[in-house]
Amino acid sequence: MGVAKKYAVISTKGGVGKTTLAANLGGILVDLGQRVLLVDTDHQQSLSTYYPLARPAPHGLRRMVMTADPTGCISQTAIPNLDLIVSDDPDKSLNNWIRQSSSHFQYLHAAMLAIDEAYDYIIIDTKGSDGTGELQELAIRASDILLSPIAPEWVAAKEFVRNTVAMLKRLEPPPGIQAGLPTVPPMLGLIYGLDRSTDTQVAAQQLRKTFYDESRGRVSILDTVVPSMAAYNQAAGRQMPVHRYETKRYNSPTPSAHDTMLQLVHELLPHLADIVPQWSTDGQNPVTRKEEESHGQKTTL
Ligand SMILES: Nc1ncnc2c1ncn2[C@@H]1O[C@H](COP(=O)(O)OP(=O)(O)OP(=O)(O)O)[C@@H](O)[C@H]1O
Ligand SMILES: [Mg+2]
């Protein structure tokens with residue numbers, strides 16, 4: 001078994017905040033002293049261009065998937081300890097290659113086993129799809145946990161629950177022959193932009209129950225809610241993690257992006273609750289620097 005915990009950010013729809021979530025989760029985890037690899041499987045390359053690169057690699061996702069070998073495919077972002085596999089498949093030919101054999105769906109998983117110990121977390125961004133696009137399935141097969149942003153207008157939408165549960169069921173092995181076949185990882189839903197009115201809170205509770213019942217416990221909804229705020233878009237424009245961009249909000253009942261991202265990390269990873277995010281503006285991560293000085297090598301916190 002590998003060391004890195006692997007998240008795939010997926011959704012049955014596009015434009016719901018997947019890339020923003022993948023980039024910012026990676027961004028705050030490195031400021032908590034973790035080593036993170038971001039993987040972009042979307043040919044639109046939004047995650048590939050989210051942060052500036054300090055050392056671009058000669059190759060990216062195509063080579064890594066087709067050879068099941070990450071050598072020469074890992075770029076370094078300008079944020080220390082945050083690496084990236086760029087998407088380099090603009091004509092989507094990787095999808096055809098994956099479709100050629102059912103074993104190809106395991107190649108990303110295999111490639112990541114080779115680098116598993118170099119990272120604490122691997123976060124895979126995907127393209128929104130209500131079918132099982134080949135790359136989306138590849139990402140699901142390579143991950144331990146699925147994270148799915150849920151747009152506020154879906155909170156009361158039974159159809160959304162049905163589509164999501166149906167998508168997961170399509171990937172499950174048939175009943176009776178499950179032994180030995182990979183199963184679909186559990187999914188955590190993250191609600192975006194819900195306001196504080198009683199109606200929407202009641203709808204969120206209903207969503208929790210419906211998802212739990214229909215998915216037989218495989219999908220649960222996180223308590224953390226990500227408010228809809230301009231800071232997310234503005235931070236992306238400045239190519240920086242949102243928790244660094246908006247540390248505080250004054251005279252507002254809405255938590256800052258910093259506090260929201262930290263709450264999310266604490267809910268996902270309670271063992272990181274005692275660490276305070278740290279960063280410096282010179283591009284060096286203070287947590288990392290301190291560890292390098294005292295131990296000569298990095299340790300997992
Ligand atoms: N919490 C938020 N509040 C306000 N705007 C947000 C928030 N999160 C993301 N956005 C904005 O919403 C837009 C879509 O986000 P993003 O690109 O992350 O979605 P996506 O699911 O990755 O889309 P696609 O399916 O095209 O890959 C972006 O302009 C982003 O800046
Ligand atoms: Mg995206």
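None of the values given here were measured: they were computed from a predicted structure. For the numbers below, each heavy atom of this structure counts, side chains included, while hydrogens, waters and symmetry mates do not. Every number for a ligand or one of its atoms is a count from 1 in the order of the listing.
- Salt-bridge check for Arg208 with Asp223: passed, with a basic side-chain N closer than 4.0 Å to an acidic carboxylate O.
- Note: no N/O pair closer than 3.5 Å links Lys13 and ligand 1 by distance alone.
- Closest heavy-atom approach to atom 27 (O) of ligand 1 within the set Asp40, Asp42, Val225: this belongs to Asp42.
- In this structure, the protein non-hydrogen atom closest to atom 19 (O) of ligand 1 is Gly17 N, 2.9 Å.
- For atom 25 (O) of ligand 1, the nearest protein heavy atom is under 4.0 Å away.
- Centroid-to-centroid, the aromatic rings of Tyr192 and Tyr232 stay 6.0 Å apart or farther.
- Below 30°, between 30° and 60°, or above 60°: for Trp97 and His104 the angle between ring planes is below 30°, a parallel geometry.
- Within ligand 1, the atoms closer than 4.0 Å to a non-hydrogen atom of Gln44 are 26 (O), numbered from 1 in the order shown.
- Considering only heavy atoms from C-beta on, Tyr121 stays 4.5 Å or farther from Arg35 through its side chain.
- For the pair Lys248 and Asp259, the salt-bridge criterion is not met [side-chain N within less than 4.0 Å of a carboxylate O].
- Listed by number with element, the atoms of ligand 1 under 4.0 angstrom from any heavy atom of Tyr192 are 1 (N), 8 (N).
- Counted by atom type alone, His243 and Asn24 present zero donor-acceptor pairs between their side chains at under 3.5 Å.
- When only non-hydrogen protein atoms are considered, atom 6 (C) of ligand 1 lies nearest to Tyr232 CB, 4.0 Å.
- Using a 4.0 Å cut-off between charged side-chain N and carboxylate O, Glu172 and Arg218 make a salt bridge.
- Other residues, nucleotides and ligands place no more than 12 heavy atoms under 6.0 Å from the CD atom of Glu159.
- In this structure, atom 21 (O) of ligand 1 lies nearest to the protein heavy atom Lys18 NZ, 2.8 Å.
- The shortest N/O to N/O separation between Thr20 and ligand 1 falls below 3.5 Å.
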Problem set entry | Candidate pair Arg63 and Asp69, rule salt bridge (Lys or Arg N to Asp or Glu O under 4.0 Å), full reasoning | CA-CA 8 Å; Arg63 164 77 73 105; Asp69 181 356; over 6 Å; no

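- Annotation: Val16 places an N or O atom under 3.5 Å from an N or O atom of ligand 1; distance criterion only.
- Considering backbone and side-chain atoms alike, Leu21 places every N or O at 3.5 Å or more from each N or O of ligand 1.
- With respect to atom 4 (C) of ligand 1, the closest heavy atom belonging to the protein is Met229 O, 3.1 Å.
- Remark: side-chain polar atoms of Ser48 are paired, donor with acceptor, to backbone N or O of Ser87 under 3.5 angstrom.
- Interface atoms of ligand 1 facing Gly14, defined by a heavy-atom separation under 4.0 Å, are 25 (O).
- Polar contact with ligand 1: present for Asn233 (N/O pair, distance under 3.5 Å).
- Although no hydrogens or angles enter the test, the distance criterion places no donor-acceptor pair under 3.5 Å between the side chain of Glu246 and the main chain of Ala230.
- Atom 13 (C) of ligand 1 is not flagged as protein-proximal [any protein heavy atom, distance under 4.0 Å].
- Which of Ser11, Ala236, Gly15 comes nearest to atom 23 (O) of ligand 1 through a heavy atom is settled by distance: it is Gly15.
- Proximity of a side-chain donor or acceptor of Ser256 to a complementary backbone N or O of Thr247 within less than 3.5 Å is detected.
- For Lys127, no heavy-atom contact with ligand 1 is shorter than 4.0 Å.
- Polar contact check, Ser46 against ligand 1: no nitrogen or oxygen pair lies under 3.5 Å apart.
- Of the protein's non-hydrogen atoms, the one nearest atom 1 (N) of ligand 1 is Pro227 O, 3.0 Å.
- Looking at ligand 1, you won't find any N or O of Ala230 less than 3.5 Å from one of its N or O atoms.
- The count of protein N, O or S atoms under 2.8 Å from the Mg ion (ligand 2) stands at 1, with waters excluded from the count.
- Interatomic distance, CD1 of Ile85 versus NE2 of His59, reported as 11.5 Å (0.5 Å rounding).
- Checking only distances, Val226 never comes within under 3.5 Å of ligand 1, N or O to N or O.
- Taking 4.0 Å as the cut-off between side-chain N and carboxylate O, Lys5 and Asp120 do not count as a salt-bridged pair.
- At a threshold of 4.5 Å between non-hydrogen side-chain atoms, the residues Ile10 and Gln136 count as touching.
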Exercise. Please walk me through it: do Asp88 and Arg62 pass salt bridge (Lys or Arg N to Asp or Glu O under 4.0 Å)?
Worked result: CA-CA 6 Å; Asp88 54 357; Arg62 261 180 72 87; 5.3 Å; no

